[in-house]
Protein chains: 2
Amino acid sequence: MRRRTTPDAGRRSEASRHAILTAAFELAGEVGYAKLSVEGIAARAGVGKQTIYRWWPSKGAVLLDAFLHLSEGDGGESDGGESDGGESDGGGGMALPDTGDLEADLKLVLRATVDEFADPRYDRPLRALTIEITNDPALAARYAERLDGPMKEAKKARLRAAQEAGQLPAGLDLDVAVDLIWGPLLSRWLRRSGPLTHAYADAVVETALRGLYAR
Amino acid sequence: MRRRTTPDAGRRSEASRHAILTAAFELAGEVGYAKLSVEGIAARAGVGKQTIYRWWPSKGAVLLDAFLHLSEGDGGESDGGESDGGESDGGGGMALPDTGDLEADLKLVLRATVDEFADPRYDRPLRALTIEITNDPALAARYAERLDGPMKEAKKARLRAAQEAGQLPAGLDLDVAVDLIWGPLLSRWLRRSGPLTHAYADAVVETALRGLYAR
DNA sequence: AGCAAGAGACGAGACGGTCCGTCTTTGCCT
DNA sequence: AGGCAAAGACGGACCGTCTCGTCTCTTGCT
């Protein structure tokens with residue numbers, strides 16, 4: 001009888017792991033989700049397919065780890081990546097800028113996100129990851145835990161700071177507030193329902209803060 | 001040399017078309033995007049594969065037409081379907097409720113959308129369509145033209161009515177406003193980042209209308 | 001009018017191709 | 001010896017194209 005052996009992490013090849021994650025991210029950026037295959041990733045990484053299947057349950061899991069690899073800067077440096085996708089957190093806690101001017105800080109962050117969405121090198125892998133997450137609840141849970149969750153905490157932390165400075169009401173539901181600011185970006189990006197520009201980012205921030213009712 | 005003949009729409013079988021669209025929608029609901037195949041749709045519809053490939057360029061195009069088929073009520077009746085996905089429009093123009101109370105009307109619509117997202121029979125096909133749209137710009141364009149566009153017009157029309165009643169400022173950017181209200185729903189639904197409840201829908205409407213700054 | 005020929009959609013499914021996920025082989029490094 | 005790694009063989013699922021034989025509708029000749 002065959003043991004469904006848990007692989008021995010101690011013997012794992014770091015070189016192969018790095019090559020796989022890099023290849024996955026780059027391939028996703030070059031060929032897009034539809035043509036992204038495990039065989040392609042293995043070939044580009046110079047790795048046997050089994051090495052991928054030994055350590056990851058699915059293509060989507062590899063892609064998620066590729067994003068984690070980037071954001072956690074596995075042996076690399078922090079380089080300020082930012083996006084609605086939830087980049088930039090190392091478990092320690094990436095923080096949003098806080099100059100005391102909430103509106104300006106939010107515009108800065110949203111503009112950076114818009115810029116990332118405009119770069120096919122990030123846009124395509126992020127779409128691929130989003131797609132995988134959309135129809136794999138298990139992957140979505142891991143995504144929420146490792147990438148989106150920490151990023152959302154950073155966003156909420158910035159809003160909480162504004163609350164404590166009296167710039168936002170104490171009773172504000174921060175989960176709703178975060179969705180209100182970042183949800184519109186996600187919508188425009190995914191559905192390409194309109195131009196995704198700095199002006200749009202600014203308008204979202206202004207309208208979210210003051211509300212539709214505001215003059 | 002082989003003529004890439006344009007099929008003769010006059011000879012098209014309406015029975016096959018209907019069977020294909022119905023099978024596509026139902027299969028998407030039953031097996032999900034990952035396991036949705038053209039062969040599966042053909043088999044379920046009792047149709048040759050070529051009949052699908054003759055009339056549609058891709059699986060996603062079939063799925064989009066399946067949604068159009070539902071919403072335009074091909075030979076069927078209007079039954080009040082509603083969703084952020086953009087259901088319910090027949091080119092004539094589906095309208096959002098207008099009781100004069102904008103906040104109540106919006107809550108009603110968002111709650112209905114939340115209910116649809118909670119039903120796997122709509123949730124899964126809608127996810128499948130969303131995924132197809134996410135990595136096929138041509139399909140996204142057709143989606144915008146046929147489903148999302150008309151729905152967005154209905155949303156904007158409702159907001160415009162509120163503007164004319166003096167309930168919303170004249171200078172409000174309606175595209176931004178629509179994204180601000182429906183974007184958060186899309187975000188929660190797609191990423192499953194939190195419970196998608198009536199209470200959430202209400203909170204989004206209230207917060208969007210009054211803004212984060214409001215007490 | 002009646003009928004044969006043609007065109008084209010249809011259901012069915014064969015076909016070569018790609019990719020899946022598993023399994024086997026062989027080598028390497030503890 | 002044990003376990004990971006690279007390479008790739010393997011059966012299976014689908015892809016998208018193509019070829020059948022059948023059918024229905026249109027066309028044109030008688």
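Throughout, protein chains are lettered first and strands after them, A, B, ... in sequence-line order, and every chain is numbered starting at 1.
Residues forming a side-chain contact (heavy atoms from CB on, under 4.5 Å) with B:Thr207 (at least two apart in sequence, or on another chain): A:Leu172, A:Val176, A:Leu180, B:Leu212. The salt bridge (charged side-chain N to carboxylate O under 4.0 Å, His left out) test applied to B:Asp119 returns no partner, not counting sequence neighbours. Partners of A:Ala61 under the side-chain contact (heavy atoms from CB on, under 4.5 Å) rule, at least two apart in sequence or in another chain, are A:Trp56, A:Pro57, A:Ser58, A:Leu139. In terms of the salt bridge (charged side-chain N to carboxylate O under 4.0 Å, His left out) criterion, residue partners of B:Asp65 (sequence neighbours excluded) are, by chain and number, B:Arg142. Shown here are the side-chain contact (heavy atoms from CB on, under 4.5 Å) partners of B:Ser16, two or more places apart in sequence or in another chain: B:Ser13, B:Val47, B:Thr51. By the salt bridge (charged side-chain N to carboxylate O under 4.0 Å, His left out) test, B:Arg124 pairs with no residue at all, sequence neighbours left out. With sequence neighbours excluded, the residues that form a salt bridge (charged side-chain N to carboxylate O under 4.0 Å, His left out) with B:Glu206 are B:Lys107.
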Polar atoms only, N or O, under 3.5 Å: list the protein pairs with nucleotides 11-16 of chain C and their distances.
residue : atom : partner : partner atom : Å
C:dG11  : OP1  : B:Ser16 : OG           : 2.9
C:dG11  : OP2  : B:Gly48 : N            : 3.4
C:dG11  : OP2  : B:Thr51 : OG1          : 2.7

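Put simply, CD1 on B:Ile41 is 12 Å from P on D:dC14, counting in whole angstrom units. We find that OH of A:Tyr53 is positioned 17 Å from P of D:dG8, with the value rounded to whole Å. To the nearest angstrom, P of C:dA9 lies 6 Å from CG of B:Asp8. Going from atom CH2 of A:Trp56 over to atom P of C:dC20 covers 15 Å, rounded to whole Å. Rounded to whole angstrom, the span from the CD1 atom of A:Ile52 across to the P atom of D:dG8 amounts to 15 Å.
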Only distances under 3.5 Å count here; give the side-chain donor-acceptor pairs of residues 29-46 of chain A to other protein atoms, sequence neighbours excluded, each with its distance to 0.1 Å.
residue : atom : partner : partner atom : Å
A:Glu30 : OE1  : A:Arg44 : NH2          : 2.5
A:Glu30 : OE2  : A:Arg44 : NH2          : 2.9
A:Ser37 : OG   : A:Gly40 : N            : 2.9
A:Glu39 : OE2  : A:Lys49 : NZ           : 2.9
A:Arg44 : NH1  : A:Glu26 : OE1          : 2.9

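Using a 4.5 Å cut-off on side-chain heavy atoms (C-beta onward), B:Ser187 and B:Arg191 make contact.
Interatomic distance, B:Tyr200 OH to B:Arg188 CZ, rounded to the nearest 0.5 Å: 4.5 Å.
For B:Lys59 and B:Arg11, each mapped to the nucleotide of DNA chain D holding its nearest heavy atom, the one lying further toward the 5' end belongs to B:Lys59.
Sorted by residue number, the list of members of residues 23-37 of chain A with any non-hydrogen atom under 4.0 Å from DNA chain D is empty.
Proximity of B:Trp55 to the phosphate of C:dC10: a side-chain N or O atom is located under 4.0 Å from OP1 or OP2.
Each end of the helix from C:dA1-D:dT30 to C:dT30-D:dA1 gets its own rotation axis from five pairs of C1' atoms, and the angle between them is 0° to the nearest 10 degrees.
Under the side-chain hydrogen bond (donor to acceptor under 3.5 Å, both in side chains) criterion, the residue pairs touching residues 127-138 of chain A are A:Asp123-A:Arg127, with sequence neighbours excluded.
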